[in-house]
Amino acid sequence: NACSVMKAEFINHVWTYDFIEDATEDARKLKFLTVLDEHTRESPAIETGRSITSKDVISVLEYLFAVRGTPRFIRSDNGPEFIANAIKKWLVESKVGTLYIEPGSPWENGYIESFHARLRDELLNREQFFSVKEAKVLVENWRLEYNHQRPHSSLNYMTPAAFAATCIASASATPSPQQYTIENVDNSLIIAGT
């Protein structure tokens, strides 16, 4: 398969992240931060809230980097949450390059746009959310189903999670990624302000 011939340096090569919005039944805004691995098509997180700040974005990414490893690049638009000085500084410190798309060019971020189309068609347009908590539960259930139960033709009809597992297995003979210790995880949480 595609992962078994990949070199380890390309595993987790590019992630992409963006926002999509909806509302609860009382017309109050809901905001979703979606994160997607462009190679495996796996979504490691969808953060849900009334508002999501750059500090919240850092917290989500910091957790994902600690448990899944650090991507080489992260793709996004030029929204204020993604170009905030705090995020740019944190990504530099994390040794993650940024790939910003041109303003008004969503096709340059096609993986996340396709993911958003599915999320919108299959969940957001079909559900009426009564609270943030309900939205979090339903979105997380949808994300898990997307990752673990949905074969993708671009992944040779494997689910994103199964395809990602083959990538991990094929990289096992290569050097290990940075090991997270209590000291460097604690320090990173202090830097992010959580």
Side-chain angles (χ1 to χ4, degrees), residues 1-20 32-48 52 56-77 79 81-82 87 90-91 94-101 105-124 136 138-180 185 188:
N1 72 35
C3 267
S4 63
V5 296
M6 288 181 61
K7 293 183 178 175
E9 69 237 29
F10 293 107
I11 303 300
N12 288 335
H13 183 70
V14 180
W15 287 5
T16 181
Y17 61 162
D18 201 359
F19 288 103
I20 187 170
F32 306 92
L33 168 67
T34 57
V35 182
L36 192 72
D37 180 318
E38 290 189 359
H39 180 67
T40 66
R41 310 300 199 276
E42 190 175 25
S43 174
I46 302 176
E47 182 71 14
T48 305
I52 299 174
D56 298 325
V57 172
I58 291 171
S59 293
V60 169
L61 292 179
E62 185 170 56
Y63 170 77
L64 292 176
F65 291 3
V67 298
R68 298 181 69 94
T70 304
R72 194 174 245 183
F73 297 97
I74 194 156
R75 186 183 319 276
S76 72
D77 61 27
E81 298 89 349
F82 302 131
I87 284 198
W90 184 80
L91 287 171
S94 300
K95 296 180 174 61
V96 176
T98 53
L99 302 171
Y100 294 110
I101 67 169
S105 304
W107 56 86
E108 292 181 4
N109 205 355
Y111 292 111
I112 202 79
E113 293 298 326
S114 175
F115 182 76
H116 281 180
R118 286 190 176 120
L119 177 59
R120 172 90 45 214
D121 288 346
E122 297 170 10
L123 181 67
L124 303 183
K136 284 183 181 209
L138 292 175
V139 167
E140 181 62 9
N141 287 343
W142 182 89
R143 185 187 73 82
L144 292 173
E145 179 186 328
Y146 174 89
N147 285 339
H148 296 279
Q149 297 176 11
R150 287 268 208 63
H152 286 247
S153 59
S154 63
L155 303 177
N156 202 23
Y157 295 96
M158 296 175 76
T159 65
F163 185 75
T166 67
C167 295
I168 292 167
S170 69
S172 63
T174 62
S176 302
Q178 172 189 354
Q179 295 300 310
Y180 290 92
V185 170
S188 66

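- Between Y146 and H152, the distance separating the two ring centers is shorter than 6.0 angstrom.
- Looking at heavy atoms from C-beta onward, T159 lies out of side-chain contact with H148 at the 4.5 angstrom threshold.
- Considering all non-hydrogen atoms of both residues, D18 and E113 come closest at OD2-OE2, 3.7 Å.
- For the pair T166 (side chain) and F163 (backbone), a donor-acceptor distance under 3.5 Å is present.
- You'll find the side chain of L99 stays beyond 4.5 Å of the side chain of I74, heavy atoms only.
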Side chain to side chain contact (heavy atoms under 4.5 Å, CB included) between R75 and Y100: does it pass, once the steps are laid out? CA-CA 6 Å; R75 186 183 319 276; Y100 294 110; over 6 Å; no
Can I46 and E140 be said to form a side chain to side chain contact (heavy atoms under 4.5 Å, CB included), step by step? CA-CA 7 Å; I46 302 176; E140 181 62 9; 5.5 Å; no
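- Looking at heavy atoms from C-beta onward, I52 lies in side-chain contact with E47 at the 4.5 angstrom threshold.
- More than 12 non-hydrogen atoms from other residues, nucleotides or ligands lie less than 6.0 angstrom from CZ of F19.
- Under a 3.5 Å cut-off, the side chain of D37 and the backbone N or O of H39 do form a donor-acceptor pair.
- In this structure, a donor-acceptor pair under 3.5 Å is present between the side chains of H116 and T34.
- Considering every non-hydrogen atom in both T40 and L155, the closest pair reads O-CD1, 3.3 Å.
- Residues L36 and Y111 share a closest heavy-atom pair of CD2-O, 3.5 Å.
- Remark: aromatic rings of W15 and F115 are distant, center separation not under 6.0 Å.
- Side chain of D77 to backbone of I101: no donor-acceptor contact under 3.5 angstrom is found.
- Residues E42 and R143 are not paired through a salt bridge, judged by the lack of any N-O separation under 4.0 Å between the basic side chain and the carboxylate.
- The main-chain N or O of G110 is never found under 3.5 Å from a side-chain atom of S114 such that the two would form a donor-acceptor pair.
- Taking each heavy atom of V60 and A45 in turn, the nearest pair found is CG1-CB, 4.2 Å.
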As a quick check of understanding, evaluate side chain to side chain contact (heavy atoms under 4.5 Å, CB included) for T98 and F73, giving each step before the final call. CA-CA 6 Å; T98 53; F73 297 97; over 6 Å; no
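- Applying the salt bridge (Lys or Arg N to Asp or Glu O under 4.0 Å) test to R41 and every residue at least two apart in sequence or in another chain returns nothing.
- By the salt bridge (Lys or Arg N to Asp or Glu O under 4.0 Å) test, R120 pairs with D22, sequence neighbours left out.
- Note: F82 and Y17 have tilted aromatic rings, judged against thresholds of 30 and 60 degrees for the angle between ring planes.
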Could you walk me through whether N147 and S43 satisfy the side chain to side chain contact (heavy atoms under 4.5 Å, CB included) test, starting with their C-alpha distance in whole Å, then the side-chain angles of each, then the deciding distance to 0.1 Å, before giving a yes or no? CA-CA 7 Å; N147 285 339; S43 174; 3.9 Å; yes
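- Residue L33 holds its CG atom at 7.0 Å from CG of L61, rounded to the nearest 0.5 Å.
- In the model, N109 has a side-chain atom that pairs as donor or acceptor with a side-chain atom of T16 under 3.5 Å.
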